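Throughout, a chain's letter reflects where its sequence line sits, starting with A, and its residues are numbered from 1. Predicted model only: the values in this text are computed from it and were never measured.
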2 protein chains.
Amino acid sequence: MATGRTHRPATRSRGIPEATVARLPLYLRALTGLSERSVPTVSSEELAAAAGVNSAKLRKDFSYLGSYGTRGVGYDVEYLVYQISRELGLTQDWPVVIVGIGNLGAALANYGGFASRGFRVAALIDADPAMAGKQVAGIAVQHSDGLEKIISDNGVSIGVITTPPSVAQQVCDRLVAAGVTSILNFAPTVLTVPDGVDVRKVDLSIELQILAFHEQRKAGEEAAAGDGVVPTAVTRDDTTDQGPDGDVPAVMPA
Amino acid sequence: MATGRTHRPATRSRGIPEATVARLPLYLRALTGLSERSVPTVSSEELAAAAGVNSAKLRKDFSYLGSYGTRGVGYDVEYLVYQISRELGLTQDWPVVIVGIGNLGAALANYGGFASRGFRVAALIDADPAMAGKQVAGIAVQHSDGLEKIISDNGVSIGVITTPPSVAQQVCDRLVAAGVTSILNFAPTVLTVPDGVDVRKVDLSIELQILAFHEQRKAGEEAAAGDGVVPTAVTRDDTTDQGPDGDVPAVMPA
DNA sequence: TCATGTGAACCCGTTCACAGCT
DNA sequence: AGCTGTGAACGGGTTCACATGA
């Protein structure tokens, strides 16, 4: 496979740190809430609280986008919603295909948060002939035979894999060959993709295991410390949320 | 907040970095696969490839657990499976409750990867009276009125929230009050919890937005790079050339 | 005066390269 | 010889603290 050089051009201007990118959706959601309540401006402190991060981090994040705030005042909510949306590419339409319409696939198809932002479910695809034609979330499921045509006809560049792990890699290969360059993988498998293709994974089992690790440690410390709520290490402080895998966007090379 | 002193007491023994913990499940999965194929030993190189990380990182990760390998040979698969399982706390049983049995909740209840490791679905809980009694994944759904009793009767310390975002915080509060100290949140909301409670979130919408960001950037670079006789693998779709605001000059507000 | 924007210090995680053991 | 285990260099991200400017 011609491993074309991705040519990372050290774009200092558009060089937004990955960690910042991962938080932009969080800010956007908080801002959308404020917007719906017609709040005109927010301070970094308020917005940070709503998004569950600290204000210094938020200001630093925004500084990568530009100087969108007003000193002594704060940020204009509507303006910021627009800027972040544009930065994330949500001002355009992203047709998405979901492959593997089992319980999870159906759940995602029905998920409202999809369409609310620029994403549109262009097609639901399943390998089971019995599924073909069935309506899920108001969309007819199509057989996987036509996967390639569906991708190209709809200009799909983002694919969601919700198949059993045994076929995830094959599905991934076909998606990539058909032109998909971003994949969201729910199957518990390590996907191998060519350079230039982004893969992000969501793995329930891994999340639970991480929780179990901390849970076990709590129990151990509890016993050792006798009683009393001793938070200690484990969680940072406020808002202990953490993305899937810390950060690492899982941009896997071939 | 209350954590006045971080006091990292040189806990060399149990001081496993968070990033390492997040990868242990990955190693465990790869090892389980090898175990099933009766492979006796693996080198860091092989195992790393199977887990999708590089070997230096893997060795460093394992070094935090102890010296479980044999120089010149590699790691004993079975032994490592046991050690990692133990470290993650998977040698014990973790009863889990799922709150919110919609599409997603049902999907998770049916998810096999659950029981395969130490996790057991102790109860399915929903606020809809019409759901009560219905069987999902062979388990009868219970009404949320009994949430507290269910938690304590089963000694549940891990809860999964798959409710609509509007009620996620309330559900979270009740879970925590009832004794749950680890929460896996699928609702697109920032949960606020007391110190000592772990929250991990899984957010489809955020993942897609991150992918969209990179996707947009790919399209932008493609256009900027002129034609590019060296297409990065598959980036040959001409569909994404609508970059109207590829890089709009920052328009300052007032 | 107030909150943003940012250099600098700091911390964590990754990578390198080789010492150490089998 | 071969592969693990790890000190040290490196780099990205977070936090601090204050200069900057409305």
Side-chain angles (χ1 to χ4, degrees), chain A residues 8 10-12 15-24 26-27 40-49 51-77 79-80 83 233-243 245-253, chain B residues 1 3 6-8 10-12 15-24 26-27 40-49 51-77 79-80 83 250 252-254:
Chain A
R8 199 108 302 280
T11 332
R12 182 65 71 250
I16 301 177
E18 194 52 40
T20 295
V21 172
R23 281 188 295 268
L24 292 182
L26 229 46
Y27 301 143
T41 61
V42 270
S43 66
S44 62
E45 204 69 54
E46 297 166 326
L47 184 54
V53 303
N54 75 48
S55 61
K57 196 185 290 186
L58 178 144
R59 287 200 302 278
K60 180 67 97 178
D61 282 341
F62 285 180
S63 78
Y64 293 117
L65 307 183
S67 293
Y68 294 154
T70 305
R71 294 174 197 241
V73 179
Y75 300 91
D76 181 278
V77 173
Y79 186 65
L80 208 44
Q83 289 298 343
V234 182
T235 54
R236 191 52 46 207
D237 53 301
D238 48 32
T239 58
T240 57
D241 54 0
Q242 176 84 330
D245 45 3
D247 41 359
V248 189
V251 183
M252 329 178 76
Chain B
M1 349 188 125
T3 54
T6 311
H7 186 255
R8 197 102 300 282
T11 325
R12 182 67 72 256
I16 302 178
E18 192 54 39
T20 296
V21 172
R23 280 188 295 268
L24 291 183
L26 228 46
Y27 301 143
T41 60
V42 269
S43 66
S44 62
E45 202 70 53
E46 296 166 326
L47 184 53
V53 303
N54 74 48
S55 62
K57 195 184 291 185
L58 178 144
R59 287 200 302 277
K60 179 67 99 178
D61 283 341
F62 285 0
S63 78
Y64 292 118
L65 306 183
S67 293
Y68 294 153
T70 305
R71 294 171 197 242
V73 179
Y75 300 91
D76 180 277
V77 172
Y79 185 64
L80 207 45
Q83 288 299 342
M252 292 298 288

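The CZ atom of B:Arg59 lies 9.5 Å from the OG atom of B:Ser43; values are rounded to the nearest 0.5 Å. Atom CG of B:Leu47 sits about 9.5 Å away from atom CG of B:Leu26, to the nearest 0.5 Å. With rounding to the nearest 0.5 angstrom, the CG atom of B:Leu24 is 6.5 Å from the CG atom of B:Asp61.
Rounded to a whole Å, the CZ atom of A:Arg71 is 14 Å from the P atom of C:dA3. When rounded to the nearest whole Å, the span between NZ of B:Lys60 and C1' of C:dA17 equals 12 Å. Note: CG (B:Asn54) to C1' (C:dG13) measures 12 Å, nearest angstrom. Computed from coordinates, the A:Glu45 CD to D:dT15 P distance equals 13 Å when rounded to whole Å. If you measure from atom CG of A:Leu58 to atom C1' of C:dA3, you get 12 Å, rounded to the nearest angstrom. Counting to the nearest Å, the C1' atom of D:dG7 and the CZ atom of B:Arg59 are 14 Å from each other. For B:Phe62 and C:dG13, the CZ to C1' distance is 17 Å, given to the nearest whole Å. Taking atom CG of A:Asp61 as the reference point, atom P of C:dG5 lies 12 Å away to the nearest angstrom.
Residues A:Arg23 and A:Val73 each lie close to DNA chain D; by heavy-atom proximity, the contact nearer the 5' end of the strand is made by A:Arg23. Positionally, the nearest nucleotide of DNA chain D for B:Gly69 lies more toward the 5' end than for the other of B:Gly69 and A:Ala56.
Side-chain proximity of B:Tyr64 to D:dG5, D:dA22, C:dT14: nearest is C:dT14. In this structure, the nucleotide among D:dA22, D:dT14, D:dC16 sitting nearest to the side chain of A:Thr70 is D:dA22.
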CA sep, side-chain torsions, deciding dist, call: B:Asp76, B:Thr70, side-chain contact (heavy atoms from CB on, under 4.5 Å): CA-CA 8 Å; B:Asp76 180 277; B:Thr70 305; over 6 Å; no
Check the interface with nucleotides 9-12 of chain D: list each N/O to N/O pair with the protein under 3.5 Å, or write none.
none

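The ring pair (Phe, Tyr, Trp, His ring centres under 6.0 Å) with B:Phe62 is formed by just one residue from the set B:Tyr68, B:Tyr79, B:Tyr27; it is B:Tyr27.
OP1 or OP2 of C:dT4 sits under 4.0 Å from a side-chain N or O of A:Ser44.
A:Asn54 and A:Ala48 get closest at one heavy-atom pair: C-CB, 3.7 Å. Between B:Gly69 and B:Tyr75 the shortest heavy-atom distance is CA-CD2, 3.4 Å.
Note on B:Tyr75: only backbone sugar-phosphate atoms sit closer than 4.0 angstrom, heavy atoms only; bases stay farther off.
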